[in-house]
Amino acid sequence: MAAERYNPREAEPKWQTIWAQGDVFSTRNDDPRPKYYVLEMFPYPSGRIHMGHVRNYTMGDVVARYKRAKGFAVLHPMGWDAFGLPAENAAMEKKVHPAKWTYENIDYMRGQLKVMGLSLDWKREIATCDPSYYRHQQKMFVDFFKAGLAYRRTSKVNWDPVDMTVLANEQVVDGRGWRSGALVEQRELVQWNFRITAFSDELLTSLDSLDRWPDKVRLMQRNWIGKSVGLEVRFEFAGPTPASDTTLEIFTTRPDTLFGASFLAIAADHPLARAVGAVDPAAAAFQDDCRRMGTSVAVLETAEKLGYDTGLRVKHPFVAGKTLPVFIANFILMDYGTGAIFGCPAHDQRDLDFARKYGLEVTPVVLPTGADPATFTVADVAFDGEGTLFNSDFLDGLAVDAAFETVAARLESTTVAGHPQGRRRVNFRLRDWLISRQRYWGCPIPMIHCDDCGTVPVPVEQLPVLLPDDATFDRPGNPLDHHPTWKHVACPVCGKPARRETDTMDTFVDSSWYYTRFTDPWNTEAPTTRAAADRWLPVDQYIGGIEHAILHLLYSRFFTRAMKATGHVGLDEPFAGLFTQGMVVHETYKNAEGHWVSPAECVVDDVDGVRTARLKADGSPVAIGSIEKMSKSKKNTVDPSDIIATWGADTARWFVLSDSPPDRDVIWTEAGVEGAHRFVQRVWRLIGDGAELIAGAHTGADRSPAALALAKITHKTIAAVGDDVEKLGFNRAVARLYEFANAIGRTIATPEPVAADATLTAALAEALDALVRLVAPMMPHLAEECWTVLGRDGLVSETPWPVADPALVVDDTVTLPVQINGKKRAELTIARAASEAEVREATLALDAVRAALDGRPPKKIIVVPQRIVNVVA
RNA sequence: GCCCCAGUGGCGAAAUGGUAGACGCGGCAGACUCAAAAUCUGUUGCUCGAGAGAGCGUGCUGGUUCGAGUCCGGCCUGGGGCACCA
């Protein structure tokens, strides 16, 4: 009997050392076997890993270990998304250099990951803040610039007028800077962008080919790209205008509703609005109000809809003598369409709200099917459905799409101020990717500004442009900009004094190609080695949080295309398979000053179901907030190291796989960790006890009934667990393994029949062998230890996945539920191969069916083979 | 505000349109023990019933279907994203 409890504290470091010494998880680029690239989204080195990482990396590790056992050459690397804002915040708050802070965090977190027993190829580790990584990113920036995919334009930023610095949206709280408390202003800066819109259509249509992506992610990306077919319509001013143009161009997807138009609205920073503001102080004041709202679309859209009547009027294109007022409105985006719209209140809710507020006319022009044109009116709910045009002159009686065509055709052939009055246009919601950041801790943009030569790239032989080590963080603004010497440089073209670009790149750029760099991180000459990239890409299974569904994944899809266009890779789509795990969520806590505090700093008391919290340090009260995704900013993270130190990595791994479906959020609780650990010990006991029973077992020819039953369970489990892991249904695989362990436990509980039955002994030996191999991807240390107990040579980590015998997976008989009128009333056990006629006959012979029919013939019998029988009486 | 997703026992959940609640946690009862822990066995959706059994039940509401947790329409609640958090 295995008297000793399994001790993960001894076993886990031992196996981790053996794996490392044997180089078991390193991947060679010349491995001839079929490739499988599994990747989890790499972490930001915030300081410590959290349970979200444990969940994410455990899932990826199960896939990696499983695919390795299935005979694939598996690439499973890890790195660090190491540039970013928190390092700079730490520099300001704790007087630590961002590089020191970041590399110390990386060292600590690498240690935490290694303790998890992940089968990673650490030889390929990269950190995006390392010049050996970002130099290649700078090379690609120059390539993109030369290919016309990187360019400068004016864009808005959140400006903190007190700290004199650009704020991230996250740093704007209720319209004020998080540090200074000053009201935030919009400010315009000339900044670098990637031309992602060059691929709008392609990024959209190519989504259809990503059949191993979740539908919801593809749908979100589709909506984000936002292709819409509409019409640009030119309105003529009905009087003098301060603008240089005599017309105002708007974009609409509903030209059919033009007869219902009651106003035009333009963005606050539309050229016309600026022109009006220059001569009308009230208009200028309104524009200033708009600029104080920051740049976040969410804030903009939820703010009260406000407008300012410019007093200008435009002529209705179809109604002679009719003019419409032109408003400046805070909900019109300059970035979308032409930055101007016409409002049709009856058929657009936002326009209706606006019209009611400013007393504008509401004329319905689309009549819902079946409504009476004499009585149909719009009160507080706009009608945006299909219908028939009315109140619309030559459009009356037409359907919506026919009216669209009619208006488009007519305006296309009308000329205003020398242009066609209407132009069909495909419009995308997607905007170019603003990558400029006025920050220190990011990849420097390798450009030089020369008064004579303009903006020129840093010559490739001068790359990388290194960040200066001696930046200061004690004053606001961009440290690169006020560094005494860094930005002063000779123009590479004419040699005259010039200045470096001081913007650095958005950290999304870093994470848009790291998966490619992993294929050959040793190449010092170029970002990629084509043979290696072609060999390993695309990533076969990418796993990460749903919060990255749009931005990171869309940027990566763009970047891969841009790299293809500049010759760095040969494919379009970087991720063939995507799985979005749910988040790990946790309660939030705030101290008396309203600052977030971490769970580790709190004690939660539960008195008769009423939960209260206080600070560990001084017992002061802490407010328990809502359950939210674990985030650095809200400090509601849990340190997995404590869990692993107490229970072992295998317990932690098993727990995060077992409790919730992997794509759903899981609320972290310590309840259940003990249950997971019980199973660790149970497997250990089963193997220990079982090993004594199977000594000298050999496969017998004719299995006894007990042996056959156990063998069937074994092979069904092998088939089911493999199936579940393929689909990333880890929680189902875990449930299967619990059932399997229960079956083995029942066999071992009565040793006498096992001793007396050689075929049962053999079946038990096979079951124990399978149990260890099936459990190995999830609890690798325990599995290695058990493998040794079973007296097996080598590592289970290098042992093939067991193969299910199809003859043992399928039963000869099936038990069908028998429904009468859709309610289950009986069961029918019958040969699996029984014909439909035989099933009918057997069903009608059942007592419950005869009683229900009471001699009458059934109206209908539905037989779903091997599933169910339904008798309609 | 807009886009996307989720909602099933006391709890985490399972269920190619086909027996709702597998499996686990917790609870209850029992075995082992001087005792406890550990372990093992049984039981556990709700209501009625001594029982056999019957009825109800997957956020709400209406529909499609022989049959709906699953598909469709309308809501409610919670979560994610909204372009400078990563």
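In what follows, every chain begins at residue 1, and chains take the letters A, B, ... in the order their sequences are listed.
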Counting the atoms with a prime plus P, OP1 and OP2 as sugar-phosphate, which does [X] contact under 4.0 Å by heavy atoms, base, sugar-phosphate, or nothing?
X	value
A:Glu827	base
A:Glu739	sugar-phosphate
A:Val172	nothing
A:Asp335	nothing
A:Ser436	base
A:Leu434	base
A:Phe331	nothing
A:Ala298	base

Is [X] near enough to [N] that one of its side-chain N or O atoms lies under 4.0 angstrom from OP1 or OP2?
X	N	result
A:Arg682	B:C40	yes
A:Thr507	B:A86	yes
A:Arg431	B:A83	no
A:Arg685	B:C40	yes
A:Lys823	B:A20	no
A:Ser658	B:G24	no
A:Asn731	B:G12	no
A:Arg867	B:G17	no
A:Arg746	B:U41	no
A:Arg678	B:C40	no

Suppose you measure atom [atom1] in [N] against the same atom in [M]; what distance do you get, rounded to whole Å?
N	M	atom1	value
B:A6	B:C71	P	9 Å
B:A15	B:U41	C1'	28 Å
B:G74	B:A86	C1'	38 Å
B:G62	B:C76	C1'	15 Å
B:C5	B:U43	C1'	37 Å
B:C46	B:G10	P	7 Å
B:G42	B:U47	C1'	24 Å
B:A20	B:G57	C1'	9 Å

Q.
Go nucleotide by nucleotide along RNA chain B from the 5' end; which of A:Pro43 and A:Arg429 gets its closest nucleotide reached first?
A.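 Its nearest nucleotide being more 5', the pick is A:Arg429.
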Q: Could you say whether A:Lys216 or A:Arg736 is positioned toward the 5' end of RNA chain B, judged by the nucleotide with the nearest heavy atom to each?
A: A:Lys216
So, for [X] and [Y], is the gap between ring centers shorter than 6.0 Å?
X	Y	value
A:Tyr133	A:Trp513	yes
A:Tyr738	A:Phe679	yes
A:Tyr555	A:Phe194	no
A:Phe331	A:Phe354	yes

Does the base of [N] carry an N or O that pairs as donor and acceptor with the side chain of [X] under 3.5 Å?
X	N	value
A:Gln191	B:C84	yes
A:Asn223	B:C3	no
A:Gln171	B:C84	no

Using whole Å, what does the distance between atom [atom2] of nucleotide [N] and atom [atom1] of [X] come to?
X	N	atom1	atom2	value
A:Arg55	B:G12	CZ	P	14 Å
A:Leu430	B:C82	CG	C1'	13 Å
A:Met334	B:A83	CE	C1'	17 Å
A:Tyr555	B:G81	OH	P	14 Å
A:Gln221	B:C82	CD	C1'	14 Å
A:Lys860	B:U65	NZ	C1'	9 Å
A:Phe83	B:C84	CZ	C1'	16 Å
A:Leu207	B:C4	CG	P	14 Å

Q) Which nucleotide in the list B:A86, B:C84, B:C66 gets nearest to the side chain of A:Asn870? A) B:C66
**Q.** A:Glu547 side chain, from C-beta outward: closest of B:G18, B:G1, B:G80
**A.**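 So the side chain of A:Glu547 is nearest to B:G80.
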Q. Looking only at side chains, do A:Gln866 and A:Arg832 share a donor and an acceptor under 3.5 Å apart?
A. yes
Q.
Quiz question: by atom type and distance under 3.5 Å, do the side chains of A:Asn223 and A:Arg218 form a donor-acceptor pair?
A.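 On atom types as modelled, these side chains do not qualify, holding no pair under 3.5 Å.
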Which nucleotide, in any strand shown, forms a Watson-Crick or G-U wobble pair with [N], with both distances under 3.5 Å?
N	value
B:U65	none
B:A86	none
B:U58	none
B:A13	none

Q.
For a quick test of reading the model, state the closest non-hydrogen atom pair linking A:Ala82 to A:Thr102 and the distance between them.
A. O-CG2, 3.5 Å
Q | Closest approach of A:Gln221 to A:Trp213 (non-hydrogen atoms, all atoms of both residues) | A |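 A:Gln221 and A:Trp213 have their closest heavy atoms at NE2-CZ3, 4.0 Å.
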Q. Checking A:Arg5 against A:Trp684: charged group under 6.0 Å from the ring centre and within 45 degrees of the axis?
A. no
